[in-house]
Every structure is written in C-alpha cells, then in structure tokens.
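These notes are about the structure you will find just below.
Chain A is the first sequence line, chain B the second, and so forth, proteins listed ahead of strands; every chain is numbered from 1.
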There are 2 protein chains.
Amino acid sequence: MARLPLYLRALTALSERSVPTVSSEELAAAAGVNSAKLRKDFSYLGSYGTRGVGYDVEYLVYQISRELGLTQDWPVVIVGIGNLGHALANYGGFASRGFRVAALLDADPAVVGSTAAGLPVRHMDELEDIVTAQQVSIGVITTPPGAAQQVCDRLVEAGVTSILNFAPTVLTVPDGVDVRKVDLSIELQILAFHEQRKAGDEPGAGDSVLDRAPGPVRAAAAKLRRAAGGTAKAEQAKGKTAQGTEGDLSAVMPA
Amino acid sequence: MARLPLYLRALTALSERSVPTVSSEELAAAAGVNSAKLRKDFSYLGSYGTRGVGYDVEYLVYQISRELGLTQDWPVVIVGIGNLGHALANYGGFASRGFRVAALLDADPAVVGSTAAGLPVRHMDELEDIVTAQQVSIGVITTPPGAAQQVCDRLVEAGVTSILNFAPTVLTVPDGVDVRKVDLSIELQILAFHEQRKAGDEPGAGDSVLDRAPGPVRAAAAKLRRAAGGTAKAEQAKGKTAQGTEGDLSAVMPA
DNA sequence: CCATCTTTGTGCACACGTTCACAAACACAT
DNA sequence: ATGTGTTTGTGAACGTGTGCACAAAGATGG
Ligand SMILES: NC(=O)c1ccc[n+]([C@@H]2O[C@H](COP(=O)([O-])OP(=O)(O)OC[C@H]3O[C@@H](n4cnc5c(N)ncnc54)[C@H](O)[C@@H]3O)[C@@H](O)[C@H]2O)c1
Ligand SMILES: NC(=O)c1ccc[n+]([C@@H]2O[C@H](COP(=O)([O-])OP(=O)(O)OC[C@H]3O[C@@H](n4cnc5c(N)ncnc54)[C@H](O)[C@@H]3O)[C@@H](O)[C@H]2O)c1
C-alpha cells in the first residue's frame with residue numbers, strides 16, 4: 001500500500017527515541033490515520049504484533065523497509081537540471097532513504113559540465129550508457145513539459161521501468177512501466193478550490209442562472225454559445241492575460 | 001473533484017490550437033482518464049455539452065476555471081527559501097495559473113534580504129503583516145521538517161487557511177484549515193516498491209519462513225524478538241548505515 | 001494457576017468511486 | 001420533414017477501501 005512509507009517515517013522517529021513498542025492507536029495517531037486501517041494494513045502485510053502489548057518498533061521498521069525494497073539502494077537518474085533538478089540533486093532526504101543519485105543529465109550545453117551537489121551534470125548522450133552500467137531502474141523527469149514525453153521515451157528505451165514526473169504532462173508508457181507524477185499546480189488549484197468553497201458559494205455571481213435552468217433552456221444556451229463562436233459570457237472573465245510560462249490560462253479569452 | 005485541473009490543462013492545450021469542440025472520448029484520452037468518468041464529472045459539475053457534437057472548449061475552460069476559483073488570483077506566501085523554496089519562487093507556472101507569490105519568508109538572517117526570482121526574501125517577523133495586508137489565504141511550507149509544525153501554526157494563526165506542505169511531517173491543524181502534502185520520498189518509495197515486485201518476489205530471501213508460519217510459532221517468534229531486545233534477524237539487513245540527513249533509515253540496525 | 005485487562009486481528013456493513021451500457025438528444029444530410 | 005449517425009447524460013452493477021465493533025490472544029498481577 002501507499003501508506004507504508006508514512007508508517008515507516010513515524011516508526012523511525014519512534015526508533016530514534018528508543019521506544020521499544022507501539023500500540024496501533026499511538027502509531028496511527030502519529031501517522032495521521034485510523035487505527036483499524038493501520039492494523040489491517042499490517043495484517044495484510046504479514047507482520048505480526050503482540051496482543052496486549054503492541055508492535056515491536058525495530059522489527060516493524062525492518063519489515064516495512066524490506067517490503068518497500070529499501071534494504072537495497074536504488075540508483076536514480078535526474079533529467080533536466082534546472083531550478084527543480086538542482087533542488088532535487090541537493091536534497092539529502094533521498095540518500096538517507098536508500099536512493100542514490102547515479103547521474104544528473106541535461107541537454108543544454110550551457111548546463112552540461114557544471115556541478116550540482118558535487119555531481120557533474122552530464123549530457124543526454126550518455127544516458128543509455130549510464131542506465132545500463134549502473135542498472136538504473138528509476139528516472140526523475142524535471143524538464144520543461146514539451147520535452148517530457150521525449151525524455152520519457154528515451155529513459156524507457158534505455159531500460160528504466162519507473163518514472164517520477166514533475167512536468168505537467170500526461171506521459172504514455174508501455175505496459176510494465178510505472179509512472180508517478182507530482183504536479184504542484186494541481187495541488188495549489190485544489191487548495192484554491194476548497195478555499196473558494198469556504199468563502200461563500202457564489203462562484204460566478206451571475207451566469208449561474210442560465211446554466212442551472214433545466215429543460216429546453218439548456219439547448220438554447222448551448223446554441224447561443226456556439227453561435228457566438230465561443231463563450232457567450234467570457235467577458236466576465238478577468239482581464240488577466242497571463243503570459244503563460246506554459247501558456248495554460250493564456251486563452252481564457254480567446255481571439 | 002481533484003481531476004478538474006487535469007481537464008483544464010488538456011482543454012487549454014486544445015484551446016491554444018483553436019479547437020472549437022471536443023468529444024468526451026478525445027478529452028478523456030488527452031487527460032488520461034475514462035470517458036465515462038469524465039462525462040460524469042462534468043455532469044456533476046453542471047456544465048452541459050451538446051449531444052452529437054461534444055463540449056465547447058472555450059466554454060468549458062471558463063466554467064472549470066470559475067469552479068476552481070481561478071478567475072480571481074490567489075496570493076501565496078512561501079516559507080523557507082532554501083533549495084526547494086528557490087525553485088518554487090522561480091517557477092513561472094504558478095503565475096500563469098492565477099497564483100501570485102505575495103512574499104518569500106525565511107528565518108535565517110543570512111537568507112533574509114537576498115532576492116529570489118526578483119522578490120526580496122523577508123523575515124518571518126513580517127509574516128502576520130503580510131498575510132493580513134494582502135489577505136493571503138494559501139501558504140507553502142518548504143522549511144526543514146523540524147520547523148514545519150511551528151511555521152504551520154504561525155501561518156494558521158495569521159489567518160492562512162490552506163497549506164501546501166513539502167516537509168515530510170504530518171501537520172496538525174484546526175478544523176477549517178486544509179493541508180495538502182507533497183512528499184517526494186514517499187513517491188520514490190512507492191516506485192521502489194513496485195520495482196521490487198517486478199524483479200521477482202523474494203524480498204528477504206530468508207526470514208520469511210518463520211514469519212509466514214501459522215499457529216503457535218508466531219508467538220514464539222514474537223517472544224524471541226522481544227527477548228533479543230530488537231530484531232532477531234536484523235543482521236541480515238545491509239550494512240548501509242546511511243548517515244541520515246533526516247535520520248530516517250539510520251536505525252534499521254539499532255544499538 | 002486463574003482472573004482481569006490491554007491490544008491485536010478480522011468479519012461485516014457501508015459508502016464511495018469507477019465502469020458499463022444504453023436511451024435520449026441533437027446535428028446533419030437528403 | 002424525416003432518417004441516420006454521433007455523442008451526451010445517467011441508471012445500475014461492480015469493485016475497493018474504510019471504519020466499526022468484537023472475539024481471541026496474550027500480558028500482567030495476584
Ligand atoms: N521549478 C518549480 O518549482 C516547478 C514547480 C512545478 C513544476 N515544475 C515543472 O518541472 C519542470 C522543470 O522546472 P524548472 O523550473 O526546473 O525548469 P528549468 O527550465 O529551470 O529547467 C529545465 C531543464 O531541463 C533541461 N532540458 C530541456 N529540454 C531537455 C531535454 N530534451 N533533455 C534533457 N534536458 C532538457 C533544460 O536545459 C533545463 O536545464 C517543468 O516541467 C516545470 O513545469 C517546476
Ligand atoms: N530540496 C528538495 O528537493 C526536497 C525534496 C523533498 C522534500 N524536501 C523537503 O523540503 C524542505 C526544504 O528542503 P530544502 O532542500 O529546500 O531545505 P533547505 O535547508 O535548503 O531550506 C530550508 C530553509 O528553511 C529555512 N528555515 C529553517 N527554519 C525556519 C523557520 N523556523 N522559519 C522559516 N524558515 C526556516 C532555512 O533558513 C532554509 O533557508 C525540507 O523539509 C525537505 O525535507 C526537499
């Protein structure tokens with residue numbers, strides 16, 4: 001399950017404080033989940049606790065680490081050493097969790113050759129050699145969105161079977177390849193959505209009348225919109241033209 | 001729903017190519033979801049398409065933007081201008097999606113006063129004033145994990161009601177405050193988990209014998225572990241001591 | 001050795017999200 | 001105006017994940 005890393009983090013914190021055992025209740029509180037869920041997770045995992053006492057912290061740490069494959073360390077390549085790539089390269093939290101940065105890669109000759117976090121930035125041409133030689137199976141993509149799919153293809157071709165994608169792009173990969181994406185804009189948009197909910201429910205304060213009208217009015221409205229060659233009421237959209245870096249909202253009010 | 005931003009991104013891409021309408025099938029493919037799911041999302045949202053034709057791209061873009069609260073722009077503060085804070089400050093994708101960086105904040109005097117992405121880094125003391133004056137409701141935490149809860153408390157106290165947390169910490173907040181977390185280590189660990197699954201199922205290759213034995217052997221094993229004062233078989237763990245930056249795996253083999 | 005108390009492991013019901021499949025609705029050509 | 005083709009909107013079945021609640025298991029104290 002996806003909650004194991006959470007448990008592991010809570011457990012290691014306890015381990016550092018030399019706590020010998022935890023009850024499911026305590027651990028669940030520390031990890032921010034339901035205690036029944038935690039117990040079910042552990043039972044499904046096969047790890048056994050002791051009734052009346054709880055779980056042995058050290059044993060669980062080892063069990064979960066093993067289950068997650070953290071008893072071995074995983075070489076990782078980072079492709080696209082810009083703002084985000086630099087930050088990731090400098091991040092110490094990876095090494096401490098069993099992930100080793102095998103190489104930093106970029107296509108820009110101006111970036112290639114510089115160092116980040118003590119590692120040299122190497123050229124994309126070396127990708128295949130590096131992946132093969134060091135048996136890299138995990139790749140991190142921090143290139144601009146336009147290059148992401150192309151980089152992804154090369155990674156997969158070279159033998160990478162797990163990809164962590166930071167570019168706001170939907171990657172298509174063959175079966176057997178796992179992709180996880182981290183999209184900061186989406187996170188913020190979700191927050192904004194809830195934020196708006198809190199601040200009273202009057203989203204547009206105007207055009208909801210037609211849209212919520214049932215029956216034949218709907219068809220009329222649709223026809224109207226199409227006839228106008230676009231959004232009939234887009235004039236209500238803010239004048240913010242936003243010279244989109246990725247050009248996402250740049251066309252709320254089209255030409 | 002959490003998929004609206006995805007749809008929005010696909011739709012804006014279409015909008016830039018001046019595509020007037022899309023079928024649910026096409027859009028679903030572009031967003032990487034099931035078409036029925038997409039239709040249900042839209043119907044739940046209240047936006048109407050036209051049967052036999054599809055959805056009006058511009059109209060949908062506006063509708064979703066409005067639903068997400070993207071017709072207004074949201075001031076955001078970033079706290080902790082280290083590696084990650086810098087990267088976020090430099091990221092243009094926020095501004096283009098309706099998010100404006102209201103201020104960069106840090107506690108370190110060595111960092112305060114420098115500039116990042118053209119903005120000055122200001123001291124934490126100014127937090128309350130900034131949040132109040134600019135009516136900031138969204139805060140981003142990129143401090144070390146130890147400071148995260150404390151920073152979170154101050155943000156909430158100042159009036160922030162939505163928090164995006166990059167520190168590997170479970171934040172506790174009062175009701176009415178939303179927290180979303182982005183944890184890169186967890187993402188990598190999940191990938192490693194699946195990666196291990198692919199590479200044959202022999203996680204420990206040794207100690208699974210006892211653990212999977214049913215019946216009274218379980219109790220014996222548990223007793224044994226407790227008596228040994230820790231993991232009876234942790235000796236099988238790799239010798240990698242990992243001088244943990246956050247000290248996460250540093251205690252797989254305890255003292 | 002027995003009683004009591006704590007905590008696990010899990011059966012079960014429930015709620016939610018997902019997917020299929022199809023009728024109604026609309027466009028378009030004739 | 002009518003038929004045909006396309007696509008939406010949604011009812012209903014399905015699978016999954018979640019949480020309650022409780023019996024069994026073991027610890028602990030007498
Ligand atoms: N910076 C952030 O905080 C942030 C936040 C959210 C999302 N993102 C996303 O992460 C990605 C990277 O962001 P960034 O700010 O670091 O951008 P950036 O422009 O600073 O860095 C991109 C790097 O990728 C390299 N690159 C370009 N094409 C390449 C190719 N074909 N092969 C290899 N390398 C190539 C460039 O040379 C550059 O060094 C973008 O997709 C962005 O949308 C960034
Ligand atoms: N860098 C990454 O790629 C990365 C990846 C995953 C997670 N993270 C997490 O993000 C967080 C930041 O990472 P980083 O690499 O940028 O760390 P960093 O050490 O480079 O930056 C942290 C910044 O926070 C500031 N700070 C410390 N205490 C503060 C306080 N009480 N109030 C305000 N500011 C304070 C520091 O002065 C520093 O500038 C960490 O929790 C880390 O675990 C980072």
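- The shortest distance between the side-chain N/O atoms of B:Ser23 and the OP1/OP2 oxygens of D:dT7 is not below 4.0 Å.
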For nucleotides 17-24 of chain C, list the nitrogen or oxygen atoms of the protein found under 3.5 Å from its nitrogen or oxygen atoms, one pair per line.
{"unit_1": "C:dT18", "atom_1": "OP1", "unit_2": "B:Arg3", "atom_2": "NH1", "d": "3.2"}
{"unit_1": "C:dT18", "atom_1": "OP2", "unit_2": "B:Arg3", "atom_2": "NH1", "d": "3.1"}
{"unit_1": "C:dT18", "atom_1": "OP2", "unit_2": "B:Arg3", "atom_2": "NH2", "d": "3.2"}
{"unit_1": "C:dT19", "atom_1": "OP2", "unit_2": "B:Lys37", "atom_2": "NZ", "d": "3.2"}
{"unit_1": "C:dT19", "atom_1": "O4", "unit_2": "B:Lys40", "atom_2": "NZ", "d": "3.3"}
{"unit_1": "C:dC20", "atom_1": "OP2", "unit_2": "B:Asn34", "atom_2": "ND2", "d": "3.4"}
{"unit_1": "C:dA21", "atom_1": "N6", "unit_2": "B:Arg39", "atom_2": "NH2", "d": "3.2"}
{"unit_1": "C:dA24", "atom_1": "N3", "unit_2": "B:Arg51", "atom_2": "NH1", "d": "2.8"}

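- Spacing between atom CG of A:Leu38 and atom P of C:dG9 amounts to 10 Å, rounded to whole angstrom units.
- In this model, a donor atom of one side chain and an acceptor atom of the other lie less than 3.5 Å apart for A:Arg97 and B:Ser185.
- Ring centroids of B:Tyr91 and B:Phe94 are separated by less than 6.0 Å, placing the two rings close together.
- Within 4.0 Å (heavy atoms only), B:Phe42 reaches no atom of the nucleic acid at all.
- Between A:Leu191 and the options B:Leu68, B:Ile138, B:Val76, a side-chain contact (heavy atoms from CB on, under 4.5 Å) holds for only B:Ile138.
- Applying the 4.0 Å criterion to OP1 and OP2 of D:dG9, one finds that B:Tyr55 has a side-chain N or O inside that range.
- In this model, the phosphate group of C:dT7 is not approached by any side-chain N or O of A:Ser24 to a distance below 4.0 Å at OP1 or OP2.
- Comparing A:Gly52 and A:Ser43, the nucleotide of DNA chain C nearest to each residue sits closer to the 5' end for A:Gly52.
- Contacts of A:Glu157 classified as side-chain hydrogen bond (donor to acceptor under 3.5 Å, both in side chains), with partners at least two apart in sequence or in another chain: none.
- In this structure, B:Leu45 places its CG atom 15 Å from P of D:dT8, rounding to the nearest Å.
- Sorted by first then second residue, the ring-ring contact (aromatic ring centres under 6.0 Å, His included) pairs that include residues 1-41 of chain A, not counting sequence neighbours, are A:Tyr7-A:Phe42.
- The phosphate of D:dT10 (OP1 or OP2) has no side-chain N or O of B:Tyr48 nearer than 4.0 angstrom.
- For the 3.5 Å distance criterion, the side chains of B:Glu58 and B:Ser15 qualify, holding a donor opposite an acceptor.
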